Colleague: 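Take a look at the following structure, please.
For clarity, every value in this text was computed on a predicted model and none was experimentally measured.
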Amino acid sequence: MDLEKQVNLIGSIHDTLNDFVGQRLKVRANMGRSKIVENEGVLKQVHPSLFIMEVDRKRGRTARQSYQYVDVLTGMVELSHDGESLFEPLMLELNGKPADEAELVDQEA
């Protein structure tokens with residue numbers, strides 16, 4: 001994938017997340033060595049290269065975590081809202097299948 005396309009996709013991720021500031025999202029992050037962390041929280045801030053979530057912890061506490069848009073682009077971080085993946089069509093497009101074509105394959109199966 002060329003650099004210009006990557007920059008445009010990261011910009012698209014940024015713009016999409018900007019619409020979700022203040023809303024609850026579910027985050028699934030691959031932390032390496034087979035460690036996958038799932039949290040739910042509120043998207044607090046969107047910055048040029050990263051976004052900040054305030055995630056729920058035990059006993060009513062919260063913690064702030066930051067993630068990079070590149071991690072969303074590479075699939076290391078997955079975000080969902082109301083049970084629906086925010087960037088699944090984007091990931092399908094990255095793998096070389098247009099989103100509508102991939103949906104047809106899923107419906108045929």
Side-chain angles (χ1 to χ4, degrees):
M1 179 185 321
D2 64 355
L3 184 61
E4 184 178 341
K5 187 172 183 180
Q6 289 176 357
V7 170
N8 289 338
L9 289 172
I10 289 174
S12 173
I13 292 168
H14 175 273
D15 294 342
T16 300
L17 285 179
N18 204 28
D19 295 338
F20 284 94
V21 171
Q23 296 187 34
R24 290 191 67 77
L25 300 176
K26 187 173 183 178
V27 180
R28 186 173 192 266
N30 184 339
M31 305 302 280
R33 294 190 178 229
S34 301
K35 183 178 180 184
I36 296 175
V37 178
E38 292 186 9
N39 292 308
E40 192 169 323
V42 177
L43 178 62
K44 286 295 191 180
Q45 297 174 346
V46 176
H47 297 282
S49 61
L50 58 89
F51 59 97
I52 299 173
M53 298 273 308
E54 191 169 89
V55 297
D56 302 332
R57 293 286 187 221
K58 294 179 181 177
R59 298 185 205 129
R61 293 183 180 194
T62 59
R64 288 193 171 221
Q65 294 181 335
S66 62
Y67 301 96
Q68 296 182 354
Y69 302 119
V70 174
D71 292 332
V72 175
L73 183 66
T74 59
M76 299 298 285
V77 173
E78 299 172 13
L79 296 164
S80 59
H81 178 67
D82 291 336
E84 291 189 31
S85 176
L86 292 180
F87 301 106
E88 188 171 348
L90 178 68
M91 296 303 127
L92 292 172
E93 184 179 316
L94 280 175
N95 293 329
K97 294 180 185 178
D100 54 347
E101 182 180 309
E103 288 174 11
L104 288 174
V105 171
D106 289 340
Q107 291 175 357
E108 291 173 0

Colleague: Go through His47 and Gln45 one step at a time and tell me if the side chain to side chain contact (heavy atoms under 4.5 Å, CB included) criterion holds.
Modeller: CA-CA 7 Å; His47 297 282; Gln45 297 174 346; 3.0 Å; yes
Colleague: Which distance, rounded to the nearest 0.5 Å, do you find between the OG of Ser49 and the OH of Tyr67?
Modeller: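 Separation between the atoms: 15.5 Å.
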Colleague: Going by the rule salt bridge (Lys or Arg N to Asp or Glu O under 4.0 Å), which residues pair with Arg64 if we only count those two or more places apart in sequence or in a different chain?
Modeller: Glu54
Colleague: In the single-linkage hydrophobic clustering (I, L, V, M, F, W, Y; side-chain heavy atoms under 4.5 Å), do Phe20 and Leu73 co-cluster?
Modeller: yes
Colleague: Within the 4.5 Å heavy-atom criterion, are Asp71 and Gln68 side-chain neighbours or not?
Modeller: yes
Colleague: For Asn30 and Val77: C-alpha separation, side-chain torsions, deciding distance, then whether side chain to side chain contact (heavy atoms under 4.5 Å, CB included) applies.
Modeller: CA-CA 6 Å; Asn30 184 339; Val77 173; over 6 Å; no
Colleague: Going through the distances and angles, do Phe51 and Ile13 end up as a side chain to side chain contact (heavy atoms under 4.5 Å, CB included)?
Modeller: CA-CA 10 Å; Phe51 59 97; Ile13 292 168; 5.7 Å; no
Colleague: Measure the CG-CG distance between Asn8 and Leu3 for me, rounded to the nearest 0.5 Å.
Modeller: 9.5 Å
Colleague: Under the salt bridge (Lys or Arg N to Asp or Glu O under 4.0 Å) rule, collect the residues that match up with Glu84, sequence neighbours excluded.
Modeller: none
Colleague: Starting at OG1 of Thr62, measure out to CG of Asn39 and round the result to the nearest 0.5 Å.
Modeller: 11.5 Å
Colleague: Enter the distance from Leu17:CG to Met53:CE here, rounded to the nearest 0.5 Å.
Modeller: 9.0 Å
Colleague: Side chain of Thr16, backbone of Ser12: donor and acceptor closer than 3.5 Å?
Modeller: yes
Colleague: Are Leu86 and Val70 connected into the same hydrophobic cluster when the rule is that any two of I, L, V, M, F, W, Y join if their side-chain heavy atoms are below 4.5 Å apart?
Modeller: yes
Colleague: Do Val46 and Tyr69 pass the side chain to side chain contact (heavy atoms under 4.5 Å, CB included) test, and can you show the C-alpha distance, the side-chain angles, and the key distance before you say yes or no?
Modeller: CA-CA 10 Å; Val46 176; Tyr69 302 119; 2.8 Å; yes
Colleague: Report yes or no: do Val21 and Leu25 belong to one cluster of Ile/Leu/Val/Met/Phe/Trp/Tyr joined by side chain heavy-atom distances under 4.5 Å?
Modeller: yes
Colleague: How many angstroms lie between atom CG of Leu43 and atom NE2 of His81, to the nearest 0.5 angstrom?
Modeller: 11.0 Å
Colleague: Other hydrophobic cluster members with Leu50, side-chain heavy atoms of Ile/Leu/Val/Met/Phe/Trp/Tyr under 4.5 Å, chained?
Modeller: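 Noted: Leu50 shares its cluster with Ile52.
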Colleague: Looking at Glu40 and Lys26, is any side-chain nitrogen of the basic one under 4.0 Å from a carboxylate oxygen of the acidic one?
Modeller: no
